[in-house]
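Data block below; observations after.
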Amino acid sequence: MIIEITTYKTAENVTEETLKLASDAFNKNYCSRSKGLIKRHFIKTENGYMDIFLWKSKEDVERVQKTFMQDEEALKFAKLIDSTSFTIQNYEVLGTYNFN
C-alpha cells in the first residue's frame, strides 16, 4: 500500500466553502473511479489544506499521476488550488495497526 500526501493552499479568491463543495464533487466524480484508491482524507491544516490518499499499489499512484491533468473532473478541483503551494509525497506502508 502507498500513502500519498498532498498539501496546498487555495487559489486567489477561492473560499473554504467553495473548496469543500469542489472536494465533494472531486470525490464523487473522480476519486470514486480511480482504480486502486482505497480512501481519501480531506484535511484543513494551519497553512492550508491536505489530502491523504491510501492506494493499493505504487502502480495505481503512478497511473493516476500520469493522467490526472488530462481528466476534466480532476481539473475542476485542481483549478481551485494555488499551484505554487502544491506539494506531493508518497510513502510505502510497512504495517497497519488498528485500535478500538
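When a residue number appears, it is its place in the shown sequence, counting from 1.
Every residue meeting the side chain to side chain contact (heavy atoms under 4.5 Å, CB included) condition with Gln65, not counting sequence neighbours, appears here in chain and number order: Glu4, Val61, Ile88, Asn90. Evaluation of the side chain to side chain contact (heavy atoms under 4.5 Å, CB included) rule for Lys56 yields Ile38, Asp60 as partners, not counting sequence neighbours. Under the side-chain hydrogen bond (donor to acceptor under 3.5 Å, both in side chains) criterion, Thr45 pairs with no residue, sequence neighbours left out. Under the side chain to side chain contact (heavy atoms under 4.5 Å, CB included) criterion, Thr10 pairs with Val14, Leu19, Tyr49, not counting sequence neighbours. Scanning for side chain to side chain contact (heavy atoms under 4.5 Å, CB included) contacts around Ile3 gives Ile5, Ile52, Leu54, Val93, with sequence neighbours left out. Looking at residues two or more places apart in sequence or on another chain, you find no side-chain hydrogen bond (donor to acceptor under 3.5 Å, both in side chains) involving Ser83. Legend: residues meeting ring pair (Phe, Tyr, Trp, His ring centres under 6.0 Å) with Phe68, ordered by chain and number and at least two apart, are Tyr30.
Among pairs with a residue in residues 67-77, those fulfilling salt bridge (charged side-chain N to carboxylate O under 4.0 Å, His left out) read Arg33-Asp71, Glu73-Lys76, at least two apart in sequence or across chains. For residues 20-30, the set of pairs meeting the salt bridge (charged side-chain N to carboxylate O under 4.0 Å, His left out) definition, not counting sequence neighbours, comprises Glu16-Lys20. Note on residues 45-55: pairs passing salt bridge (charged side-chain N to carboxylate O under 4.0 Å, His left out), not counting sequence neighbours, are Arg40-Asp51.
Using a 4.5 Å cut-off between side-chain heavy atoms of Ile, Leu, Val, Met, Phe, Trp and Tyr, with links allowed through other members, Tyr91 and Leu37 fall into different hydrophobic clusters.
Summarising the hydrophobic clusters (Ile, Leu, Val, Met, Phe, Trp, Tyr; side-chain heavy atoms under 4.5 Å, direct or chained), the residues clustered with Leu21 are none. In the hydrophobic clustering, where aliphatic and aromatic side chains (Ile, Leu, Val, Met, Phe, Trp, Tyr) are joined below 4.5 Å either directly or transitively, Phe99 groups with Tyr97.
To the nearest 0.5 Å, atoms OG1 (Thr6) and CZ (Phe42) are separated by 9.5 Å.
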